[in-house]
Amino acid sequence: MAAREEVTVYEDEIRSHYGRLEKMTDLVAMWEVSLSDGIHKIEFEHGTTSGKRVVYVDGKEIIRKDWMFKLVGKETFPVGASQTKATINIDAVSGFAYEYTLDINGKSLKKYMENRSKTTNTWVLHLDGEDCRVVLEKDTMDVWCNGRNMETAGEFVDDGTETHFSIGNHDCCIKAVSSGKRREGIIHTLIVDDREIPESTE
């Protein structure tokens with residue numbers, strides 16, 4: 001009787017192993033997208049024999065289409081708290097080879113990230129035993145921390161502006177000061193508990 005139980009467990013392990021393996025055989029593309037509310041992982045499965053298309057955002061299945069006759073096309077879906085529009089383009093390269101590209105808000109991922117680096121500032125710091133990712137959206141002056149849009153208070157000071165907010169019990173301030181140079185524009189600096197935090201490059 002004991003041997004039979006061991007075999008059953010073994011069969012269950014094989015079944016679960018092949019279930020995971022089968023799921024991964026059609027995985028053809030993976031991207032990481034930095035948005036204000038965090039870095040999101042997008043995975044795409046494309047079954048070129050069955051026409052299956054599955055999109056995962058942060059490990060959660062958000063689109064599943066089985067048995068599609070047309071193997072090329074697009075899949076559009078929202079990403080993140082701000083429901084940013086993402087589109088996976090499926091193009092035939094030659095024969096049965098396919099190319100997969102990701103567009104964010106109508107721009108290629110590369111162009112979107114280049115533009116984003118001009119419109120946002122990002123800082124990564126360690127507070128109270130956890131990593132904090134702070135993002136400033138320069139066009140709206142919205143401040144995000146670990147996926148949450150922070151409540152802020154802005155004020156004008158002699159040399160520019162200050163945007164105040166709190167992370168836990170820590171006083172935070174983003175100072176905006178003119179660089180004095182047209183090409184550089186305004187310089188944003190994050191100060192946490194009277195300590196300047198270096199900007200992060202994502």
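No donor-acceptor distance shorter than 3.5 angstrom exists from the side chain of N149 to the backbone of W144, with no hydrogens or angles considered. Between the side chain of T120 and the backbone N or O of S117, no donor-acceptor pair lies under 3.5 Å. A donor-acceptor pair is defined here as one N or O able to donate and one able to accept, closer than 3.5 Å; such a pair exists between the side chain of D193 and the backbone of D171. S166 contributes no side-chain N or O that, together with a main-chain N or O of N169, makes up a donor-acceptor pair within less than 3.5 Å.
Clustering ILVMFWY residues whenever any of their side-chain heavy atoms sit less than 4.5 angstrom apart, transitively, puts L136 in the very cluster that holds V134. No continuous path of hydrophobic side-chain contacts links I197 to V124 [ILVMFWY only; heavy atoms under 4.5 Å]. Residues V72 and F44 are members of one and the same hydrophobic cluster, defined by side-chain heavy-atom contacts under 4.5 angstrom among Ile, Leu, Val, Met, Phe, Trp and Tyr. Under the 4.5 Å side-chain contact rule for hydrophobic residues, V177 and V192 do not share a cluster. Taken together through direct or relayed side-chain contacts under 4.5 Å among Ile, Leu, Val, Met, Phe, Trp and Tyr, V55 and L71 form part of one hydrophobic cluster.
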After noting the C-alpha distance and the side-chain angles of I88 and F77, does the key distance pass the side-chain contact (heavy atoms from CB on, under 4.5 Å) rule? CA-CA 9 Å; I88 295 174; F77 52 95; 3.8 Å; yes
Criterion side chain to side chain donor-acceptor pair (under 3.5 Å) on T122 and S200, from CA distance to verdict: CA-CA 6 Å; T122 303; S200 172; over 6 Å; no
Under the side chain to side chain donor-acceptor pair (under 3.5 Å) criterion, do S36 and E137 qualify, and how do the steps go? CA-CA 8 Å; S36 295; E137 293 181 353; 2.5 Å; yes
Check the pair I90 / H46 against side-chain contact (heavy atoms from CB on, under 4.5 Å), numbers first and verdict last. CA-CA 9 Å; I90 308 155; H46 187 217; 3.7 Å; yes
Evaluate the criterion side-chain contact (heavy atoms from CB on, under 4.5 Å) for residue pair K175 and H188; output intermediate values, then yes/no. CA-CA 6 Å; K175 292 186 172 222; H188 295 88; over 6 Å; no
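Between R64 and D66 there is a salt bridge, since a side-chain N of the basic residue sits under 4.0 Å from a carboxylate O of the acidic one. Ion pairing of E45 with R53 is absent here, as no side-chain N (NZ or NE/NH1/NH2) approaches a carboxylate O to less than 4.0 Å. Look at E32 and K41 and you find no salt bridge, because none of the NZ, NE, NH1 or NH2 atoms lies under 4.0 Å from a carboxylate O.
Other residues, nucleotides and ligands place no more than 12 heavy atoms under 6.0 Å from the CD atom of E151. Atom CG of D139 sits in a crowded spot, with more than 12 heavy atoms from other residues, nucleotides or ligands closer than 6.0 Å. Within a 6.0 Å radius of NZ in K111, no more than 12 heavy atoms belonging to other residues, nucleotides or ligands are found.
To the nearest 0.5 Å, the span separating CG on L102 from CG on N89 amounts to 8.0 Å. Rounding to the nearest 0.5 angstrom, the gap separating the CG atom in D37 from the CG atom in D142 is 12.0 Å. Distance CG/N146 to CD/E130: 6.0 Å, rounded to 0.5 Å. The SG atom of C173 lies 6.5 Å from the CD1 atom of I191; values are rounded to the nearest 0.5 Å. For the atom pair E43 CD and D26 CG, the distance stands at 13.0 Å (nearest 0.5 Å). Between W31 atom CH2 and Y100 atom OH the span is 9.0 Å, to the nearest 0.5 Å.
Remark: of the listed residues K70, K85, K65, K65 is the sole one forming a salt bridge (charged side-chain N to carboxylate O under 4.0 Å, His left out) with E75.
By the 4.5 Å heavy-atom criterion applied to side chains, H170 and D128 are counted as neighbours. Side-chain contact between T48 and Y98 is present, with heavy atoms from C-beta onward closer than 4.5 Å. In this structure the side chain of L109 never reaches within 4.5 angstrom of the side chain of D103, judged on heavy atoms. Counting heavy atoms from C-beta outward, T119 and N115 have side chains that approach closer than 4.5 Å. Considering only heavy atoms from C-beta on, I42 comes within 4.5 Å of V79 through its side chain. Contact annotation: the side chain of L125 approaches that of L190 to within less than 4.5 Å [non-hydrogen atoms, C-beta and beyond]. Side-chain contact between T163 and M141 is present, with heavy atoms from C-beta onward closer than 4.5 Å. The side-chain heavy atoms of I174 and W123, taken from C-beta on, include a pair separated by under 4.5 Å.
Minimum heavy-atom separation, S34 to M113: CB-CE, 3.5 Å. Considering every non-hydrogen atom in both A86 and I104, the closest pair reads CB-CD1, 3.8 Å. In terms of heavy-atom proximity, S179 sits nearest to G185 at OG-O, 2.7 Å.
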